[in-house]
Amino acid sequence: QVQLVESGGGLVQPGGSLRLSCAASGSIFSINVMGWYRQAPGKQRELVATITSGGSTNYADSVKGRFIISRDNAKNTVFLQMSRLKPEDTAVYYCNAQLRTSYNPTGLSSRWGQGTQVTVSS
């Protein structure tokens, strides 16, 4: 079994900062891409940022220059440093990992965390 557990969400004022963390654990052989997605009420889930095992990153235009994604490969953990937060950043943030399990190392699967709420409001 594989689990992704997010932490770090909460309530923050506009212009503030938050740091999200997501730790993957269990029968993991390797992790390729890790990323963050978000879903606001009444909207579809959207990409926020991704990072490969080699450190290449990709960001949604709406968060470029404000959010930074990073990862610790040794700990199977991905982070999202969010700065200059706006009310429109309010959403449930989900962690995603494209990984291979130890019991099926040739197969690539997508796993999701349970989500963490980020609310930006004064």
Side-chain angles (χ1 to χ4, degrees):
Q1 297 293 333
V2 174
Q3 280 191 317
L4 273 64
V5 179
E6 299 115 332
S7 61
L11 173 64
V12 63
Q13 291 187 341
S17 299
L18 277 177
R19 188 182 192 227
L20 304 182
S21 300
C22 171
S25 63
S27 303
I28 296 171
F29 180 75
S30 65
I31 303 179
N32 289 9
V33 180
M34 300 189 81
W36 291 95
Y37 294 73
R38 66 187 182 187
Q39 187 167 19
K43 295 188 177 181
Q44 290 189 333
R45 190 173 298 188
E46 64 177 4
L47 169 74
V48 176
T50 61
I51 184 168
T52 68
S53 57
S56 295
T57 58
N58 180 52
Y59 294 92
D61 287 343
S62 59
V63 306
K64 282 181 181 176
R66 300 188 299 121
F67 291 9
I68 298 174
I69 188 170
S70 61
R71 66 188 278 179
D72 183 335
N73 290 330
K75 296 182 179 180
N76 291 333
T77 301
V78 64
F79 307 96
L80 186 68
Q81 179 66 47
M82 304 185 292
S83 304
R84 292 185 281 145
L85 282 160
K86 305 175 181 179
E88 50 264 43
D89 294 318
T90 296
V92 178
Y93 283 69
Y94 296 91
C95 173
N96 176 268
Q98 306 290 319
L99 55 83
R100 291 178 169 80
T101 62
S102 57
Y103 47 84
N104 184 21
T106 60
L108 192 64
S109 63
S110 178
R111 305 298 176 99
W112 293 91
Q114 80 286 352
T116 186
Q117 177 70 46
V118 172
T119 302
V120 184
S121 175
S122 55

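Nothing here was measured: the structure is a model prediction, and the numbers come from that model.
- For the atom pair OH of Tyr59 and CH2 of Trp36, the computed distance is 13.0 Å after rounding to the nearest 0.5 Å.
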For residues 7-31, please give each side-chain donor-acceptor pair under 3.5 Å, one per line with the distance, not counting sequence neighbours.
none

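- Residues Arg100 and Asn32 are in side-chain contact: their nearest non-hydrogen atoms beyond the backbone lie under 4.5 Å apart.
- Remark: side-chain polar atoms of Glu6 are paired, donor with acceptor, to backbone N or O of Gln114 under 3.5 angstrom.
- Nearest heavy atoms, Val78 versus Met34: CG1-CE, 3.8 Å.
- Rounding to the nearest 0.5 angstrom, the gap separating the CZ atom in Phe67 from the OG atom in Ser83 is 8.0 Å.
- Of the possible donor and acceptor atoms, one in the side chain of Asn96 sits under 3.5 Å from a partner among the backbone N and O of Arg111.
- Under the 3.5 Å distance criterion, the side-chain polar atoms of Thr119 are left unmatched by any main-chain donor or acceptor of Thr90.
- Counting non-hydrogen atoms of neighbouring residues, nucleotides and ligands closer than 6.0 angstrom, the CD atom of Gln81 exceeds 12 such neighbours.
- A single hydrophobic cluster is not seen to contain both Leu47 and Ile51; linkage of ILVMFWY side chains at heavy-atom distances under 4.5 Å, directly or through other members, places them apart.
- For residues 88-114, every residue pair satisfying the ring-ring contact (aromatic ring centres under 6.0 Å, His included) rule, not counting sequence neighbours, is listed here: Tyr37-Trp112.
- At a threshold of 4.5 Å between non-hydrogen side-chain atoms, the residues Leu80 and Arg38 do not count as touching.
- In this structure, Asp89 does not pair ionically with Lys86, as no charged nitrogen and carboxylate oxygen lie closer than 4.0 Å.
- Counting non-hydrogen atoms of other residues, nucleotides and ligands closer than 6.0 Å to CD of Gln1 gives a total of 12 or fewer.
- Of the residues Thr52, Ile68, Ile69, Thr50, the one that meets the side chain to side chain contact (heavy atoms under 4.5 Å, CB included) test with Thr57 is Ile69.
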